[in-house]
Structure formats: C-alpha cells, structure tokens
Amino acid sequence: MHDIGLKIALIGVMGMGAQWLAWRLRLPAIVLLLIAGMVAGPATGFINPEMDFGEIYRPLVSLAVAIILFEGGLTLNFKEISETSTAVRRIILIAGPLVWVMTALSAHYVGGLTWPTAIVLGAILVVTGPTVITPLLRQAQLASRPASLLKWEAIVNDPIGALFAVVAFEVILVFLGLHQGGSLAYVVVAAFVVAVAGGFAAAKLIQWAFVRGYVPEFLKAPILLAAVLLAYALTNLVLEEAGLLTVTVMGIVLANTRIASLAEMRRFKETITVFLVSGIFILLTASLTIEDFRSLDWRAALFVASLLFVVRPLAIMIATTGSGATMPERILTSWIAPRGVVAVAVSGLFGAALEEAGIIDADRMVAFTFAVVVTTIVLHGFTLGPLASLLKLKSSEKPGLLIVGGPRWAIDLAKKLKSVEVPVMIADPNWNHIAEARLADIPVVFGDILSEEAHHTIDPKRFSNLIAVTDNDAYNSLVCTDFAPELGRSHVFQLGRGGDQPKRMSLNFTLGGRPLTKDGLEFRTLRERHWQGWTFQATRLTEAFDYNAYLESRPEDAIVLLWVKPSGAMVFASDAANTPSIDDRIISFTPAKDHLGERNGSAKKSKEKSASTAEPE
C-alpha cells in the first residue's frame, strides 16, 4: 500500500516537473512527459499500471479523459469560430471520415495489420489531441483564424474519433459472431442522440441552478466536476465511450452561457486538467513493454509516413475546398495534427478488447498509436512555429503592452514606446481620453476593458504586459486581477495603491497587480509631474554608455520605468531582479529642465564624456 502511494506521488512530481521544464525550455510538454513515462515504465519497470492499479486503471483513465475533453469544450466560444465555421464543419464532417477510411487502408496494406485492427486504429487516429494543440498554439502565436481552426478541430474531433472507434469495434464483433447486429444501428443512433441531448440538457440544468443561486459558490466547481463524471458514466450505459461526446457538448454549451462564475470554474478545471494530462500520459507510456517496441518495424514507419504525408494532407485539401480557408491555412492544417492522450487512452481500451475477442495482432494497436503520437508531437511541435512564419500565419505583432486608462502622461508613454517599436494599445471608456492616441495612430479600445465585448474581441496573447493607470485604484486592482490568470501575475502592473491609507481603506493584498514604479507613485503625483513638464525618454545603452554611466548622468529624481530588450521584451524596473544590458532601451520619466546625457556641472570630466554618448530618442 505504501509503495502504491509513493508511486502515485512520484507520478505527480514527474508530471509537474516535466510541465515546468517544458515551460522553461519552451518545448512541447508532452515530449518530456513521454520521456518521464519511458523512464518510469519500460526503462526501469518502476511503474506497471496494470499490476499496480488493477481493475480500476482503465476506468480511471476513461474518467480522466472525460474531464480533459470537458475542459477543452469550455474553451470553445461560438463568437471565436464565426470566420472559420465552414472550414471547421467540413474538416469534422468530411475530413474525419476520409481520415478514418484512408488510415485503415494504410494500416492494412502498408502497416500489415489485420482488417479489424486496422479499421479500429483508423477511427482512433481521427483525433488530433487538444492537450497537445493548446500549448503549441500558445507558444506559436498564430493569427486568430488558423489558431481557431486547429483548436476547434482538435476538441470536437476527439469524442467523434472515439465514437468512430466504438462503432467500428461493435461492427467487428458482429462479423465475428460475438454480437447481435440487428439492433446495432439503433443503439448507435440512440447513443448519439442521448449524448448530444444529454450534454445540452445537463449544461442547461447546471446553468439554471447556478444562476438561480441554488448552489453556493464554494460548491460550484466540485458539483460541476461531479456532474461531468455522472453524465459521462450514464451515457456510457447506452454505448461505450459515447460519454465523451456528452461531456464535450456540456463544455461547449456552458462556454456560451452567461454564468458569472464561469471564469473561476474554468481555471479550476484547467488546473485539474494539467495534472490529469501529465499523470495519465506518464501512466499510458509506462504501460508499454519492450515487446511493444519490438513490434514496430519498417512497415510501421511507412504507415506513420503515409499518415503524415498522404492521408492527412489529402483529406484536409479535399474537405476545405471552397470553405473560405486560404491556401496557407489549408497547408498548415493539413500538416499540423498531433495526437495526444485521448488517442493513446482509447487505443489501450480497444486494443485490450480486440485481444480478448481473439484478434491476433490487436496488441500492436497501442504500439502503432504511440508511434504516431511520438512522431507527430515531435515533428509538429517543432515545425509549427517555423511553418506558420513561412506561410505568414503568425500574429503580425509581437506581444506588446496594454494600457488601461488614458491620462495624458500615459498617452505620451505610449508614443515613446511606439517610437522604439513596442506595440501598444490603450483602452478607456472616455472618448476624450483616447482622442489624442487615435491622432497619434495608436490602437485604442473605446469601451470598458472588462466588458463582454472586449473579452471576445481582444486576444490577451497579443500582450506580454498590462498596466492599469486610471484614477480609480479599485478599478485598477480589478483589471489586474482579471488579467492576471491570462498574462501571469508578474506581468500586470498598476499605479500606487495608497499604502499610507488606513487599513480599512486598503484593498486586500491578494487583489491587483504589482506596483508600476518602485516608490509606488500614485495617479495624482504622475499627473502633476506631467503638468510640470516631465517627459518620457528612451535611452539606448551602449558599450561606451552602460547602465552605471546612465545612472550617474540621469537627474536624481528621474524615474526609470522599464527597459525594452532588443527582442521587444519589456522588463519593469519595479519588478526587475537584474539590471539592463547593452542595447536595451531604458524608458524613463524625466523632469523637463534636465535631459539625459546633459552634462552635470558638478560631475567629473570622465563622467561628462560618458554621459555625452547617451542616445536619447
């Protein structure tokens, strides 16, 4: 018992360690999870899921997959798909069946698998892995259209691929004489209807209960989780794995409802999903044996190659003809199709079932699936960014700064950042506040940044940092709190929060962002200094004029706000552990009577020489 507890703990540690390392190295996390599973399973034999967890192993994996697909459905909003809906429908309705048929043919004639194994494997490989696509899209910074296309396909196709596998498996049992075929069509249709209708009804029931206040806030996320598991299990009573479609429909319906606490629940589910994906993928990889790897021969390699270079491109090109998708978008979609944890989990389930039914090569299904998963993750994970750049499908702007609030000094800051090629956007509900920014050709948002319209039209991935600079401290804190989960709490800043105020007037430290300036200057102080003629300056550091020389030459009361790296990354002085480097541009707020690089009469001649090399811009 103690050994099992230790193994579970180590699976969690390895999973989170792989996720953290992937974040630090900017690698696909599932590659490192794969390595961790190999080490824990086939390489050392430390974990053997079938022996360690017994009969509950497969049900636990199935329930985890259901939660993963539900969380994926929660990210799908219909407003996001408005421009690519036709292409998504055709990929799901036309490309999906084409991939199934052509993959089955390739698995039989190229891979050498028997027809039953090939047909089920073809159905399983229709899925394209939202657990892999989502982090890849986050890193690749694709434009909104191709990103929406890939994300919707991945999430919607996962349960459909599982249903294809169920139908294929049931038909095979009929041909083997192990199942009555008369009622099979009715069961499949009934399962589809129950899955869709049940998912919709369950979501609407949850919405009604949450909105009417019948569920307290602290129970909403746990009750939602329990409802997902129950809906999945009940639908599976009609047809095995049909519950995956139910939970996906539940997620999509809830994502398009007006539940005030949906954001908190989504973050809760995302946390669980990261943990489940990590643990389940390690377990599934650890379940492989040396014999599984030995079953992969040159024919398996040819099968994987045919899937990558023939089956997927041909199916996508046929399906998206006349769909409105551009040729670069069709090329990218035809190549990017990484498989993930759902494909592996479903292949393990049906591989074991086919083996029990007497199919001689059913045990090779998991090995073939893993070969596809590993190959697609590595190839697509490392080529998505370069291919998107080549096809000019990356977001045209590098991540910039979102300024919430439009005081005059903030507009001057935006102008200065724009002059050093940092993308800036200003959001303010007062038209007069942003009029000057519009004249300076600075992108603006006329409206409340917290509005539902802004939520659907402004992509947070366009920004690496946010500063809230309105004259309302509570509103600034609210904005920073709302954007912190998207941008990271270390990337949201606000004006001084009135630290000298009585405790009864101060906001809780858990709310809001980091101070914009080291000394916590407030709105009134910055406004007054701007009225007095203070200006923003950008100074590039050089070998002859480094940061020490800059500090010696600047006015004592000047404020170093941030510096911009040659890559465009911004580092705020109030949050910096390091100092600026050569070629960084320092953005400072400086009194009008003093100018950076101006000789100080009390300075030494050597300092004068250094200061003269400064480059105010």
Side-chain angles (χ1 to χ4, degrees), residues 28 30 72-73 75-78 80-103 106 122-161 164 248 304-340 342-343 372-373 375-396 459 461:
I30 207 163
T75 67
L76 299 180
N77 192 285
F78 290 128
E80 179 187 291
I81 200 177
S82 57
E83 295 183 347
T84 56
S85 57
T86 302
V88 170
R89 284 198 303 270
R90 292 193 179 188
I91 288 175
I92 294 169
L93 299 177
I94 299 176
L98 285 176
V99 168
W100 180 8
V101 172
M102 290 189 289
T103 301
S106 177
I124 292 171
L125 293 181
V126 168
V127 306
T128 53
T131 57
V132 189
I133 280 289
T134 302
L136 287 184
L137 294 178
R138 191 180 298 122
Q139 293 179 5
Q141 298 176 359
L142 287 184
S144 59
R145 276 176 54 95
S148 172
L149 195 63
L150 290 172
K151 185 172 76 171
W152 272 83
E153 180 208 1
I155 294 174
V156 176
N157 257 358
D158 260 19
I160 290 178
F164 283 170
T248 303
V304 174
S306 69
L307 189 64
L308 290 175
F309 299 105
V310 179
V311 173
R312 170 75 178 184
L314 187 58
I316 292 298
M317 287 299 175
I318 292 174
T320 56
T321 300
S323 66
T326 65
M327 183 55 70
E329 290 171 347
R330 296 169 66 192
I331 293 174
L332 184 73
T333 307
S334 68
W335 170 245
I336 301 299
R339 275 66 171 184
V342 176
V372 173
V373 168
T375 305
T376 55
I377 286 173
V378 173
L379 287 182
H380 299 163
F382 289 104
T383 60
L384 175 57
L387 180 59
S389 297
L390 182 64
L391 296 173
K392 298 181 179 180
L393 292 177
K394 275 200 169 186
S395 178
S396 58
D459 183 5
K461 293 191 292 293

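Position 1 is the first residue of the sequence, and the numbers go up from there.
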To check you understand the geometry: which heavy-atom pair defines the closest contact between [X] and [Y], and what is its length?
{"X": "Ile160", "Y": "Val156", "value": "CG1-O, 3.5 Å"}
{"X": "Ala343", "Y": "Ile124", "value": "O-CG2, 3.6 Å"}
{"X": "Ala154", "Y": "Ile133", "value": "CB-CG1, 4.0 Å"}
{"X": "Glu153", "Y": "Thr128", "value": "OE2-CG2, 3.6 Å"}
{"X": "Gly161", "Y": "Val127", "value": "CA-CG1, 3.8 Å"}
{"X": "Thr326", "Y": "Arg145", "value": "N-NH2, 4.3 Å"}

Which value, rounded to the nearest 0.5 Å, describes the distance between [X] atom [atom1] and [Y] atom [atom2]?
{"X": "Arg312", "Y": "Ile336", "atom1": "CZ", "atom2": "CD1", "result": "9.0 Å"}
{"X": "Ile316", "Y": "Ile91", "atom1": "CD1", "atom2": "CD1", "result": "4.5 Å"}
{"X": "Asn157", "Y": "Phe164", "atom1": "CG", "atom2": "CZ", "result": "7.5 Å"}
{"X": "Thr86", "Y": "Leu149", "atom1": "OG1", "atom2": "CG", "result": "11.0 Å"}

Original post:
Taking only residues two or more places apart in sequence, or in another chain, which ones meet Arg330 in a side chain to side chain donor-acceptor pair (under 3.5 Å)?
Top reply: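 Checked Arg330 against side chain to side chain donor-acceptor pair (under 3.5 Å); matches are Thr320, Thr321.
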
Subject >> Within-4.5 Å side-chain heavy-atom neighbours: Leu332 and Leu142 >> reply: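 They are in side-chain contact.
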
Any side-chain to backbone donor/acceptor pair from [X] onto [Y]? Under 3.5 Å, distance only.
{"X": "His380", "Y": "Ala337", "value": "yes"}
{"X": "Arg89", "Y": "Ile94", "value": "no"}
{"X": "Thr375", "Y": "Val372", "value": "no"}

Original post:
Which residues satisfy the ring-ring contact (aromatic ring centres under 6.0 Å, His included) test with Phe309, sequence neighbours excluded?
Top reply: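 With neighbours one apart ignored, the set is Trp335.
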
Not counting sequence neighbours, which residues clear side-chain contact (heavy atoms from CB on, under 4.5 Å) with [X]? List them please.
{"X": "Ser106", "value": "Val110, Phe303, Ser306"}
{"X": "Ala315", "value": "Ala95, Leu98, Val99, Met102"}
{"X": "Ile331", "value": "Met317, Met327, Leu391"}

Original post:
Does anything in residues 91-102 pair up under side chain to side chain donor-acceptor pair (under 3.5 Å), and if so which pairs, sequence neighbours excluded?
Top reply: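 Listed once each, the pairs would be none.
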
